[in-house]
Undergrad: 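Questions regarding the structure given below will be posed in turn.
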Amino acid sequence: MAFPQINAEQVAALTEMAIGDGAISVIVPDTKKDSYKTYSLVTAELCDLNQLVIMGLLKEITDECGDKLAEIFSKVHRLFRVFEITEIGKKMFDGVERKIQ
């Protein structure tokens, strides 16, 4: 049986959320608006965040932010997804300085 692993980008995202506001918003990639490089980077970031949701360290709260996201969409014409760190995620990363080598 394979054990789930957390990569450096996921550790950085969790640490940022634990010591910051507790949430992160990520633009939804769009092939018509993004370069190939940007599209690939954002898609990879969303894959990392989705894995953390599956592991129970994050939860997606996009639906709870509907009014604010609608307001942002009216200004920038882009969609966003919003993720929040869970209690277990906070306990793992709160108050701990981690350096990726």
Side-chain angles (χ1 to χ4, degrees):
M1 171 161 78
F3 292 99
Q5 295 181 351
I6 298 176
N7 64 36
E9 291 81 11
Q10 292 167 322
V11 170
L14 286 167
T15 302
E16 181 182 320
M17 282 187 259
I19 63 174
D21 295 332
I24 188 171
S25 62
V26 180
I27 200 164
V28 174
D30 186 334
T31 56
K32 295 178 182 173
K33 296 179 181 179
D34 297 322
S35 67
Y36 175 77
K37 182 179 178 181
T38 300
Y39 185 89
S40 297
L41 289 171
V42 174
T43 300
E45 182 177 7
L46 284 171
C47 286
D48 283 344
L49 294 172
N50 283 329
Q51 181 181 358
L52 294 173
V53 169
I54 291 167
M55 295 172 72
L57 301 174
L58 293 182
K59 64 180 177 179
E60 185 169 1
I61 59 168
T62 302
D63 292 341
E64 298 171 29
C65 303
D67 293 339
K68 183 69 174 172
L69 291 175
E71 180 184 328
I72 292 170
F73 181 82
S74 70
K75 294 176 183 175
V76 299
H77 304 289
R78 295 300 299 255
L79 297 173
F80 287 82
R81 290 177 63 191
V82 184
F83 298 89
E84 181 178 62
I85 194 166
T86 62
E87 285 302 314
I88 189 85
K90 286 178 189 175
K91 289 184 188 327
M92 288 178 66
F93 291 91
D94 191 23
V96 177
E97 286 189 35
R98 300 200 188 299
K99 301 229 184 241
I100 307 301
Q101 298 180 352

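In what follows, every heavy atom counts, from backbone to side chain, and hydrogens, waters and symmetry copies are set aside. Residue numbers count from 1 along this sequence. Fair warning: this is a prediction, and the values are worked out from it, not measured in the lab.
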Undergrad: Out of curiosity, Thr38 OG1 to Ile27 CD1, how far, rounded to the nearest 0.5 Å?
TA: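 The distance works out to 9.5 Å.
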Undergrad: Tell me whether Tyr39 shares a hydrophobic cluster with Val28, the cluster being built from Ile, Leu, Val, Met, Phe, Trp, Tyr side chains joined at under 4.5 Å.
TA: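 The answer is no; the residues belong to distinct hydrophobic clusters.
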Undergrad: Looking only at heavy atoms, which two atoms of Phe80 and Ile72 are closest? And how far apart?
TA: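 Shortest heavy-atom contact: CE1-CG2, 3.7 Å.
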Undergrad: Val82, Leu79: one ILVMFWY side-chain cluster at the under-4.5 Å cut-off?
TA: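 They do not share one cluster, since no chain of ILVMFWY contacts under 4.5 Å joins Val82 to Leu79.
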Undergrad: Please set out all donor-acceptor pairs under 3.5 angstrom arising from side-chain atoms of residues 47-59, sequence neighbours excluded.
TA:
unit_1 : atom_1 : unit_2 : atom_2 : d
Asp48  : OD1    : Asn7   : ND2    : 3.1
Asn50  : OD1    : Arg81  : NH2    : 2.8
Asn50  : ND2    : Leu46  : O      : 3.2
Gln51  : OE1    : Gln10  : NE2    : 3.0
Gln51  : NE2    : Gln5   : O      : 3.1
Lys59  : NZ     : Glu84  : OE1    : 3.4

Undergrad: Count I, L, V, M, F, W, Y as connected when their side-chain heavy atoms are under 4.5 Å apart, and connections chain through other members. Are Phe83 and Ile88 then in the same cluster?
TA: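 As far as the 4.5 Å side-chain criterion goes, Ile88 and Phe83 are connected within one cluster.
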Undergrad: How long is the span from the CD1 atom in Ile24 to the CD1 atom in Ile61, to the nearest 0.5 Å?
TA: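 Between Ile24 CD1 and Ile61 CD1, I get 11.5 Å after rounding to 0.5 Å.
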Undergrad: Sorted by first residue and then second, give each salt bridge (Lys or Arg N to Asp or Glu O under 4.0 Å) pair with at least one member in residues 23-43; sequence neighbours left out.
TA: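 Of all non-adjacent pairs touching residues 23-43, those that pass salt bridge (Lys or Arg N to Asp or Glu O under 4.0 Å) are Asp34-Arg78.
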Undergrad: As an exercise, state the distance from NZ of Lys68 to OG1 of Thr62, rounded to the nearest 0.5 Å.
TA: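 Spacing of NZ (Lys68) from OG1 (Thr62) equals 15.0 Å.
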Undergrad: So which pairs with a foot in residues 5-27 pass salt bridge (Lys or Arg N to Asp or Glu O under 4.0 Å), sequence neighbours left out?
TA: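 Found none.
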